[in-house]
Amino acid sequence: MDLNQNIDTSYIYYNNLAALLHFISALVMIILINGKDPLIIPYTETYTQWNQVVNETCPLGSRSFETSNGDFCIEAITSPVDCDNQNNCYGLNLGLLVISFHLLSFGFQLLASITNYTGPILGYQYSNMVENNKNPLRFIEYSFSASIMLIAIALLNGVTDINLINSISILTSACQLCGLVVEFIKEKKIKWLLHLIGWMQFCWAYGIIGHAFLRSIEASKDSSNPGPPNFVYLIVILLFLLYSSFGFVQLFELIFEFNQFLKEKIYVVLSLSAKLLLGWMIFSNVLLLS
């Protein structure tokens, strides 16, 4: 079957609409956040600290070490990365992070649309790429926007260690770039290998967030507190399903190989709906906490 038969260009309309709605969403967020105190979540880092033994005991979780200069307790310390004299600590502005997420989506989808009128830019033209069952610009945009949103989700779930945040970002970007390569190679076994590697990277990145969420529940139980309300559990699960839905589109394509125009429309609609829902779920926290 020739996949280029019955060319359906309605995906261009969907793409243009998605770009417009992302821009409107970012604009509304800018208006709502104007005049409010910024919600800045400080980075932290964990490092080893050597303390001389006091009262011949070491704190729980540390280990003792005897030297000619005395006995020491070696323990892991978590502290903000950098703070000034006014106790303002280096971190991320969560409101601007979510706004940049929508502006990135708007910019990349607008650029894709523009290439249909200007001709190829650096070898890329939206319609030609889709007709050839490829869209590298989509995955390049995802490598930025998905990383930004996962960082925002991580910060809200208490993951503030700068090394973990960087790991989540790189794992998410690498996952999206694996998806990009899958569209350009023909060897089926390599396609499946890269696709599975992408799932591994995604699950590991979200696993860091999931672990932090579960630890917060355990901490609440240990202190006899009720823990998060039920809707928080629903949000965490919903966020995971929204993100994993993009991977399921490519998984379905690898198994059944469906029409490339339908595939592009699914990606655009899914990208718009999932991103708007994700963005506003997180931005609502910004409005409540600012």
Side-chain angles (χ1 to χ4, degrees), residues 8 10-11 13-15 17-19 21-22 25 97-98 101-102 104-106 108-109 112 129-130 133-154 156-157 168-183 191-210 213 231-285:
D8 177 9
S10 62
Y11 65 89
Y13 166 78
Y14 283 91
N15 179 76
L17 179 63
L21 291 178
H22 277 301
S25 184
L97 199 65
V98 179
F101 167 76
H102 286 293
L104 265 174
S105 298
F106 160 71
F108 273 89
Q109 289 183 283
M129 284 292 179
V130 173
N133 205 20
K134 301 177 180 68
N135 189 0
L137 196 64
R138 179 207 309 128
F139 285 104
I140 292 172
E141 183 252 305
Y142 287 173
S143 70
F144 289 104
S145 60
S147 297
I148 289 173
M149 193 51 66
L150 218 59
I151 287 172
I153 296 170
L156 283 175
N157 279 277
I168 289 171
S169 175
I170 296 301
L171 284 169
T172 306
S173 293
C175 169
Q176 304 305 323
L177 294 177
C178 280
L180 184 156
V181 177
V182 166
E183 290 192 340
K191 281 178 177 283
W192 273 104
L193 177 61
L194 286 169
H195 181 77
L196 294 175
I197 289 173
W199 274 108
M200 181 177 67
Q201 292 163 333
F202 164 74
C203 290
W204 194 263
Y206 209 91
I208 296 172
I209 299 171
F213 178 69
F231 75 87
V232 176
Y233 292 87
L234 179 62
I235 289 173
V236 172
I237 295 172
L238 180 60
L239 290 174
F240 175 79
L241 293 176
L242 284 171
Y243 261 100
S244 61
S245 60
F246 292 88
F248 282 117
V249 175
Q250 189 169 84
L251 176 63
F252 187 87
E253 180 191 8
L254 288 174
I255 297 173
F256 299 105
E257 193 171 344
F258 56 102
N259 182 277
Q260 71 268 43
F261 305 110
L262 174 62
K263 182 185 80 169
E264 183 64 18
K265 282 196 289 186
I266 291 173
Y267 270 122
V268 172
V269 172
L270 185 60
S271 178
L272 175 63
S273 57
K275 287 177 180 178
L276 286 180
L277 184 56
L278 285 166
W280 280 101
M281 284 174 66
I282 293 174
F283 194 74
S284 63
N285 285 271

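The first residue of the sequence shown is numbered 1, and numbering continues consecutively from there.
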With a 3.5 Å cut-off and no angle check, do the side chains of S147 and S173 form a donor-acceptor pair?
yes

Has E253 got a side-chain atom pairing as donor or acceptor with K263's backbone, closer than 3.5 angstrom?
no

Using modelled atom types and a 3.5 Å cut-off, is there a donor and acceptor pairing between side-chain atoms of E183 and backbone atoms of N135?
yes

To the nearest 0.5 Å, atom CG of L137 lies from atom CZ of F108 at 6.0 Å

If you define the side chain from C-beta out and look only at heavy atoms, does anything of I266 sit under 4.5 Å from F252?
no

Using a 4.5 Å cut-off on heavy atoms from C-beta on, say whether the side chain of L97 contacts that of I282.
no

On the 0 to 90° scale, with breaks at 30° and 60°, tag the H195-W192 ring pair as parallel, tilted or perpendicular.
perpendicular

Would D8 and N259 count as a side-chain contact (heavy atoms from CB on, under 4.5 Å) if you check the C-alpha gap in whole Å, the side-chain angles of each, and the deciding distance to 0.1 Å?
CA-CA 10 Å; D8 177 9; N259 182 277; 5.7 Å; no

Which atoms form the tightest heavy-atom contact between H102 and K275, and what is the distance?
CE1-O, 3.5 Å

Side-chain heavy atoms of L277 within contact of L238, under 4.5 Å
yes

If you look at every heavy atom in Q176 and F139, which pair is closest and at what distance?
O-CD2, 3.3 Å

Going from CG on L251 to CZ on F256, what distance comes out if it is rounded to the nearest 0.5 angstrom?
9.0 Å

Trace of the side-chain contact (heavy atoms from CB on, under 4.5 Å) decision for L150 with L171
CA-CA 10 Å; L150 218 59; L171 284 169; over 6 Å; no

Please confirm whether the ring centroid of F213 lies under 6.0 Å from the ring centroid of Y206.
no

Under the side-chain contact (heavy atoms from CB on, under 4.5 Å) rule, collect the residues that match up with L272, sequence neighbours excluded.
A18, L21, H22, L276

What is the minimum heavy-atom distance between C178 and L194, and which atoms define it?
CB-O, 3.7 Å

Can you confirm whether F144 is buried at CZ, in the sense that more than 12 heavy atoms of other residues, nucleotides or ligands lie under 6.0 Å from that atom?
no

Side chains of Y267 and Q250: closer than 4.5 Å at any heavy-atom pair?
yes

Mind checking the CD1-CG spacing from I140 to L104? Nearest 0.5 Å is all I need.
12.5 Å

Compare every heavy atom of W199 with every heavy atom of S244, then report the nearest pair and how far apart it is.
O-CH2, 3.5 Å

Could you give the distance from CD1 (I151) to OG1 (T172), rounded to the nearest 0.5 Å?
7.5 Å

Output for pair (C203 SG, F240 CZ), nearest 0.5 Å, gives 5.0 Å

Closest heavy-atom pair, F202 versus C175, reported as atoms and distance to 0.1 Å, is CB-SG, 3.9 Å

Suppose we screen for side-chain contact (heavy atoms from CB on, under 4.5 Å). Which residues come up paired with A174, at least two apart in sequence or across chains?
Q201

Check whether any side-chain N or O of S271 sits under 3.5 Å from a backbone N or O of V268 as a donor-acceptor pair, and report yes or no.
no

With rounding to the nearest 0.5 angstrom, report the CG to CD1 distance, L177 to I197.
12.5 Å

What are the two closest heavy atoms between A19 and Q109, and how far apart are they?
CB-CB, 3.9 Å

Could you tell me whether the side chain of F258 reaches within less than 4.5 Å of the side chain of V249, counting heavy atoms only?
yes

With distance as the sole test, does K134 use its side chain to make a donor-acceptor pair with the main-chain N or O of M129 at under 3.5 Å?
no

